[in-house]
Amino acid sequence: MIRTLDDLDAEGTAVGVRVDINSPLSESGDGLADDARLRAHVGTLSELTERGARVALLAHQGRPAGDAFSSLAAHAERLDDLLSAPVEYVDATFCSDARRRVEALEAGSVLVLENTRFYSEENMSFDPADAAETHLVVNLSSVFDAFVNDAFAAAHRSQPSIVGFAEQLPSFAGRVMERELEGLGNIGERASPRVYVLGGAKVDDSIEIAETVLESGLADTVLTAGVVGNTFLHASGVSLGSESDSVVESRARDRLGLAESLLERYPDRIRMPNDIAIERGDERIEVAVEELPVDEPALDVGQRTIDAYADVFETAGTAILNGPAGVFEEERFAVGTRGLFQAATAAGFSIVGGGDTAAAIRRLGLSGFDHVSTGGGAALAMLTGEPLPAVSALDSA
Ligand SMILES: Nc1ncnc2c1ncn2[C@@H]1O[C@H](COP(=O)(O)OP(=O)(O)O)[C@@H](O)[C@H]1O
Ligand SMILES: O=C(OP(=O)(O)O)[C@H](O)COP(=O)(O)O
């Protein structure tokens, strides 16, 4: 049984709160290009500060050696704007200076500790008992009274700050975590027929997801779009043209054979686009599958596909969307994503998971979904029925 903020006695308590505010950075690298993940945690943090907690924030940003690997100074500044509570930042995570700052926290205020991934142990996977013995967890447990995990988007990681504290401290799920577990949990018990829409460009991953959800019975139908749709067309023997075919081959890597075998095993449960959209001159042209191949790359699905898939959503109990249907970043090729995603809200319950997918929804101003996840990989793990280490840790706390 996972405890939530309802079970936490917050007044005067030093609470370590793990959030996921991992964000795209501005080109100069010193500011945030998008603050959606910070906004998502405002509810949890405001509730804790209003209830008199002394909040120490733990978070990561990027991965070592990656472009987005940076300090959390800009995040702290942005949080100071978003929260009515005072927000401070310290350029250390668990050394004596950081611990002194936690001890000195006033009730109702927030201290942002430095990027957890600046420390080597946080970049490794541990089982919870070993994570509890890491320097970060041991040192911070000496100054925290309780731990709140609100970092759903990192819940698929077995890193110390995600799974270690539950062994040391009374631990609770934050409001983001709670909402995500409600929206994405027990997917196999959601109303059927369950329709998974797999679009986007992570083709090798999506083919594996298709296999998992078809084999397990989580999906009654898989609708394909984006480069994933082009790949299944290619695997079914359709030649899209040399441009699209080479994108498909490079993105599918060694999974093209698996796509072919899925089409053989589940011919009636996998649907492919009826048409695609290309750019000719300056125009969007829709081409029926029977008219392929074409010279130009397939950048979106066309209206015939949107209409055909919309019929499937009309009778769907649950629609699960991952991956945009086209290059939504360009207005002309956002038609498929807009049309398909809007149509999906006709399903009894509609769920959106995936980093770019959530970005597409924000950018296109789409609404009406029952659940939009803050997570990419973590959401997909839940939507394919995989247990999440963070959730198991909270469950056994
Ligand atoms: N037909 C297409 N050709 C090229 N890129 C596409 C096509 N359809 C979708 N994409 C691209 O897929 C990307 C998002 O895919 P992906 O990363 O798999 O999504 P998510 O992060 O939601 O899992 C977008 O940048 C979009 O432009
Ligand atoms: O952005 C994240 O995940 P996502 O790319 O799956 O949405 C999380 O912050 C986890 O980051 P990680 O994939 O570097 O562990």
Side-chain angles (χ1 to χ4, degrees), residues 18-24 34 36-38 40 59-69 75 115-117 122-125 150-159 161-162 180 197-207 209 224-234 240-241 243-248 250-251 273 275-279 284 296-302 305 320-337 340-341 352-364 372-383 388-390:
R18 179 58 159 99
V19 290
D20 190 323
I21 49 177
N22 186 27
S23 303
D34 178 62
R37 278 194 168 154
L38 286 77
H60 72 277
Q61 171 61 49
R63 294 178 181 174
D67 289 344
F69 193 49
H75 304 63
N115 187 344
T116 53
R117 291 190 181 172
E122 184 72 357
N123 297 291
M124 297 159 67
S125 289
D150 213 26
F152 174 77
H156 55 320
R157 305 288 177 224
S158 302
Q159 292 164 346
S161 71
I162 303 285
E180 294 276 13
V197 184
L198 300 179
K202 288 185 215 120
V203 175
D204 44 353
D205 290 347
S206 296
I207 296 173
I209 291 168
T224 63
V227 188
V228 180
N230 298 344
T231 302
F232 275 91
L233 282 172
H234 182 88
L240 290 107
E243 289 266 356
S244 293
D245 288 340
S246 74
V247 173
V248 160
S250 72
R251 294 274 182 178
D275 57 355
I276 53 104
I278 57 168
E279 183 170 41
R284 171 191 168 98
E296 301 86 347
L299 299 177
D300 196 7
V301 296
T305 306
I320 294 128
L321 307 168
N322 174 245
V327 182
F328 70 92
E329 296 89 343
E330 277 182 56
E331 189 48 40
R332 252 175 307 159
F333 299 103
V335 174
T337 303
L340 214 59
F341 282 26
V352 180
D356 281 302
T357 312
I361 281 176
R362 283 197 298 279
R363 186 185 174 113
L364 302 177
V372 179
S373 181
T374 52
L380 284 178
M382 283 203 78
L383 294 170
L388 296 181

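Just so you know, ligand 1 is whichever comes first in the structure, and atom 1 is the first atom listed for that ligand.
At a heavy-atom distance under 4.0 Å, no atom of Val247 approaches ligand 1. Using a 4.0 Å cut-off between heavy atoms, Asn230 contacts ligand 1 through its side chain alone, with no backbone atom that close. Neither the backbone nor the side chain of Pro297 has any atom closer than 4.0 Å to an atom of ligand 1 (non-hydrogen atoms only).
Given atom 9 (O) of ligand 2, the protein heavy atom at minimum distance is Asp20 OD2, 2.6 Å. Summary of contacts: the protein heavy atom closest to atom 3 (O) of ligand 2 is Ala153 O, 3.9 Å.
Residue contacts with ligand 2: Gly355 is excluded, as none of its non-hydrogen atoms falls under 4.0 Å. Contact analysis puts Arg37 in contact with ligand 2, with a non-hydrogen atom separation below 4.0 angstrom.
Residue Gly353 has no N or O atom closer than 3.5 Å to an N or O atom of ligand 1. Of the N or O atoms in Gly375, none lie within a sub-3.5 Å distance of an N or O in ligand 2.
A salt bridge between Asp300 and Arg332 is absent, with no side-chain N of the basic residue lying under 4.0 Å from a carboxylate O of the acidic one. A salt bridge links Arg18 and Glu122; the closest N-O separation between the charged side-chain nitrogens and carboxylate oxygens is under 4.0 Å. Asp204 has no carboxylate O lying under 4.0 Å from a charged side-chain N of Arg251, or vice versa, which leaves the two without a salt bridge. Salt bridge status for Arg284 with Glu279: absent, with no side-chain N to carboxylate O gap under 4.0 Å.
Considering only non-hydrogen atoms, atom 12 (P) of ligand 2 lies nearest to Arg63 out of Gln159, Gln61, Arg63.
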